[in-house]
Participant: 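Got a structure for you, questions after.
All of these numbers come straight from a predicted model, not from anything done at the bench. Numbering starts at 1 and runs along the sequence shown. Order of appearance sets the numbers: ligands from 1, and atoms from 1 within every ligand.
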Amino acid sequence: MPSASSLVVVIGTGGTIAGTSARPGAHLGYQAGALAAQALVDAVPALAGRPLQTHSLAQLDSCDMDHATWLALAQAVTAQLARPEVAGVVVTHGTDTLEETATFLHRTVAASKPVVLTAAMRPATAPSPDGPQNLLDAVTMAATPGARGVLLAFGGAVYAGAEARKVHGYRVDAFSGGDAGALALWQDGRLRLLREWPAVDGGAAAALAVPVAEWPLVDIVTSHAGARGAALQALVAAGARGIVIAGTGNGSVHRELLAAARAAQAQGVQVWRASRCVDGGVVDSGSPDALVNAGDATPAQARVRLMLALATGA
Ligand code: ASP
């Protein structure tokens, strides 16, 4: 058995990092999530001999991520962190919804040990895949003494998981840490910490005891030129108990949509506003009648936060 707190558990959920293509040289048109977690580890010679265990939880394209998988993942991560011999957990994931899963884990798991998500923009069969280096960085990060919190190891940087957001659909440096920037950098195999590890959260862990079918429905509506209140009204009619508006600029909302939002609030629906801008969030205007401000969260992250808030009151 590995020595105390040296073991890293790699949990696979799919994504491009586990993607394969029959077409030599392909960066696109591959099958995401084709490989199990052990195959990803086996493809990294530098991981040979490290104390590792692997577990394939799912083999999804993360655009198809669902709440049942989130529940199973948070429960699996929590169970692994409770093992004294485990130093940390790595979660391999698709890039598309990674910021949502990171936010979910941040809110539901008290990660006093590191929980490091990682991913890739190129499939495992690409001539020069980015997944192996990202996985090596993530495993090293998960075994780093003193590290904690939900993190993202990607493209030579480490981000606080709840701050990370995907900002490009194709480039290899596809993630940003928002206004906060990266938390740390990998430099020649050494970690350069730029600021403190993120605060351990887990304040919405009670959601893990709620059946997924009972998680409150929360949807996102985008504000844009010519926006219609009917979109928001239809979601409320379909059972939404929370709505996040992806507002323009600093969270501004088209007057038609705002009128529908006010009517929904009067029916007890919670409405938050975020920004559809790629980076940055919503800076509080101080206006007492403004919709609840999602702060730095992207609309997708805000949806997770609002759903958990409604599920737990936390
Ligand atoms: N569609 C893929 C996924 O999120 C994209 C990726 O992993 O880069 O699973």
Participant: For E214, is there an ion pair with R241 - N to carboxylate O distance below 4.0 angstrom?
Facilitator: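 No salt bridge links R241 with E214.
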Participant: Should the pair R165-E100 be classified as a salt bridge under the 4.0 Å nitrogen-to-oxygen rule?
Facilitator: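 Between E100 and R165 there is no salt bridge, as every charged N stays at least 4.0 Å from the carboxylate O atoms.
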Participant: Among T20, D61, T16, which residue meets the side chain to side chain donor-acceptor pair (under 3.5 Å) test with Y30?
Facilitator: T16
Participant: Using modelled atom types only, decide if a donor and an acceptor are shared between the side chain of R276 and the backbone of T222 within a distance under 3.5 Å.
Facilitator: no
Participant: Does any N or O of ligand 1 fall below 3.5 Å from an N or O anywhere on D96, backbone included?
Facilitator: yes
Participant: Can you tell me if A120 contacts ligand 1 (heavy atom of the residue under 4.0 Å from the ligand)?
Facilitator: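 Judged by the 4.0 Å heavy-atom criterion, A120 does count as contacting ligand 1.
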Participant: Would you say the ring centroid of W215 lies under 6.0 angstrom from that of F104?
Facilitator: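 Ring centres of F104 and W215 closer than 6.0 Å.
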Participant: How far is atom 8 (O) of ligand 1 from its nearest protein heavy atom, and which residue and atom is that?
Facilitator: T95 OG1, 2.5 Å
Participant: Which heavy atom of the protein is the closest neighbour of atom 9 (O) of ligand 1, given with residue, atom name and distance?
Facilitator: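 Ranking protein heavy atoms by distance from atom 9 (O) of ligand 1, first comes S62 N, 2.7 Å.
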Participant: I'd like to check which ligand 1 atoms, numbered from 1 as shown, lie under 4.0 Å from a non-hydrogen atom of D61.
Facilitator: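 Atoms satisfying the 4.0 Å criterion: 1 (N), 2 (C), 3 (C), 4 (O), 9 (O).
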Participant: Identify, for atom 5 (C) of ligand 1, the protein heavy atom at the shortest distance, and state residue, atom and that distance.
Facilitator: T16 OG1, 3.1 Å
